[in-house]
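This report refers to the structure that appears directly beneath it.
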There are 2 protein chains.
Amino acid sequence: MISKEALKKIFPDWEEGLYDAILKEAELKEAKAGTTLLKMGQNIKSAMLVVEGTVKLYQEGEDGGEYFMYHLNPGEACAVTLVCNYHHEQSQVLAKAVTDIQYLAIPIEFMEKWLNEFKSWHYFVIRTYRSRYEELLKTINETAFKNMDERLEFYIKRQVKQFGNSVNLTHQEIANDLNTSREVVSRLLKKMENNGWIVMNRNSFDWIKQ
Amino acid sequence: MISKEALKKIFPDWEEGLYDAILKEAELKEAKAGTTLLKMGQNIKSAMLVVEGTVKLYQEGEDGGEYFMYHLNPGEACAVTLVCNYHHEQSQVLAKAVTDIQYLAIPIEFMEKWLNEFKSWHYFVIRTYRSRYEELLKTINETAFKNMDERLEFYIKRQVKQFGNSVNLTHQEIANDLNTSREVVSRLLKKMENNGWIVMNRNSFDWIKQ
DNA sequence: AATGATATGTGATAAATATCACCGACTATC
DNA sequence: GATAGTCGGTGATATTTATCACATATCATT
């Protein structure tokens with residue numbers, strides 16, 4: 001299990017009792033890069049708090065398509081799993097580990113209990129919802145108003161912010177995240193290269209635009 | 001001001017003290033149908049709780065376009081205005097009254113105070129965020145995966161659920177909400193009419209599909 | 001170095017949507 | 001009931017994106 005000190009660094013400003021409760025009740029789990037952590041429609045059994053690594057959150061289409069919404073980093077939690085009420089809540093998102101990750105899985109029976117017991121947990125839940133809500137607003141804005149070239153640029157910028165200027169994704173992977181086709185991504189990336197925004201390699205490219 | 005009994009009907013399951021606090025601190029405001037209640041970028045000075053009527057929430061594009069996200073009904077609150085921390089939060093949404101409305105405006109200095117004082121307020125804030133988050137997920141799903149014909153159908157169904165089978169909107173208004181053009185909406189509605197899904201009139205149409 | 005697998009490039013074409021131009025129908029108002 | 005304004009219909013065309021087909025490039029493995 002994780003040490004209390006490490007926990008405090010990643011999730012600051014909680015009450016002592018909450019750290020103790022986490023250490024007692026949560027399970028520290030690991031997952032390899034690429035693992036699907038949560039599927040749409042799946043019953044939610046535990047809340048997920050990211051300790052190490054990065055998770056990608058998707059919306060899933062009926063036809064099986066995926067649409068990238070936002071990243072989760074250490075100290076952040078998956079909003080949909082912070083279930084307050086009932087026991088048969090189903091996931092409305094798809095979550096995948098991008099890197100090898102560690103996360104805390106907290107059985108959902110503690111969600112309501114802790115809301116009553118720990119003020120800092122309450123704040124954490126609200127902060128989580130608020131920040132995820134704001135991410136969704138950005139995603140909607142991009143999707144509703146922008147063409148694919150701008151959406152791709154937005155996507156790459158988020159990627160760069162997360163992992164640095166070297167983007168290690170194939171055109172196909174990017175196309176999947178944006179729910180478009182590889183050809184479209186290839187052509188738009190080629191344009192960006194011609195504009196001097198990126199330098200392309202196989203399996204990756206570098207963002208060099210200011 | 002509104003009576004305590006009326007308040008209890010619209011916002012059930014709060015603590016007595018919270019009703020009293022609302023009655024003491026909130027202002028009951030009115031607005032005519034069509035009024036813009038909140039613009040994007042505007043400083044948030046008060047939380048908005050709907051008492052009577054319906055509010056439409058939009059995302060606003062940089063070019064001035066609008067994109068409809070969801071309705072707010074009596075007993076519901078605008079999530080973005082439930083600001084917890086700082087005083088200079090700016091709105092990331094556009095809110096418009098669809099009907100004549102009444103709403104409670106609560107100065108944001110009480111947001112944090114009440115979170116500490118009233119457990120039921122805490123729950124109300126979380127429930128608000130959760131339900132708005134879920135609405136956004138639906139909106140993203142429609143926008144990212146569906147073509148305009150399906151999006152229009154989804155839009156009409158939400159409208160029907162809100163206001164009944166008679167949809168009193170012009171093609172132009174629908175086009176604005178979906179960030180497309182009137183011609184596209186007209187053509188798709190014509191198709192729906194040919195399919196026997198709707199009966200069209202000037203300024204309105206009736207949804208007759210099962 | 002030959003082979004197969006994966007990644008990327010690109011033309012041709014189709015489909016969806018946006019835009020422009022203009023028309024006729026209805027409505028409110030005087 | 002003439003008129004101006006709003007609403008809806010529709011062809012033509014442009015743009016964006018999706019899809020298909022196939023070529024080339026790179027890499028890993030032997």
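By convention in this document, chain letters (A, B, ...) are assigned in the order of the sequence lines, proteins followed by strands, and residues within each chain are numbered from 1.
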Does C:dT17 have OP1 or OP2 sitting under 4.0 Å from an N or O in the side chain of B:N147? yes

Is the shortest distance from a Lys or Arg side-chain nitrogen in A:E62 or B:K146 to a carboxylate oxygen in the other one below 4.0 Å? yes

Less than 6.0 angstrom separating the ring centers of A:F68 and A:Y155, yes or no? yes

Candidates C:dA21, D:dT17, C:dG9 - which lies nearest the side chain of A:V184: D:dT17

Between atom CD in A:E150 and atom P in D:dT17, what is the gap in whole Å? 10 Å

Whole-Å distance separating the CD atom of B:E193 from the P atom of D:dC7: 18 Å

Rounded to whole Å, please give me the gap between NZ in A:K146 and P in C:dA18. 16 Å

Nearest-Å distance for atom pair CG/P, residues B:L178 and C:dA16: 17 Å

Nearest listed nucleotide, side chain of B:R187, among D:dA21, D:dG11, D:dG8: D:dG11

side-chain hydrogen bond (donor to acceptor under 3.5 Å, both in side chains) partner of A:Y58, the single match among A:D177, A:T36, A:N176: A:D177

Using whole Å, report how far CG of B:N201 lies from P of D:dG9. 11 Å

Out of D:dA21, C:dA18, C:dA7, minimum distance to the side chain of A:E183 belongs to D:dA21

Whole angstrom value for the distance that separates C1' of D:dG5 from CG of B:N203: 13 Å

Examine distances only and state if a side-chain atom of B:S131 and a backbone atom of B:T128 form a donor-acceptor pair shorter than 3.5 Å. yes

C:dT8 OP1/OP2 closer than 4.0 Å to side-chain N/O of A:K190: no

Taking only side-chain nitrogens and oxygens of A:H171, does any of them come within less than 4.0 Å of OP1 or OP2 of C:dT6? no

For B:M200 and C:dC26, give me the distance from atom CE to atom P, rounded to whole Å. 13 Å

Should the pair A:Y129 and B:Y129 be assigned to parallel (<30°), tilted (30 to 60°) or perpendicular (>60°) ring geometry? parallel

In whole angstroms, how far is the P atom of D:dT19 from the CE atom of A:M148? 11 Å

Which part of the nucleic acid, if any, lies within reach of B:S181 when heavy atoms closer than 4.0 Å are counted: base, sugar-phosphate only, or nothing? base

Which residue, A:R202 or B:R202, contacts DNA chain C at a nucleotide closer to its 5' end, judged by nearest heavy atom? A:R202

Taking only side-chain nitrogens and oxygens of A:S186, does any of them come within less than 4.0 Å of OP1 or OP2 of C:dA7? no

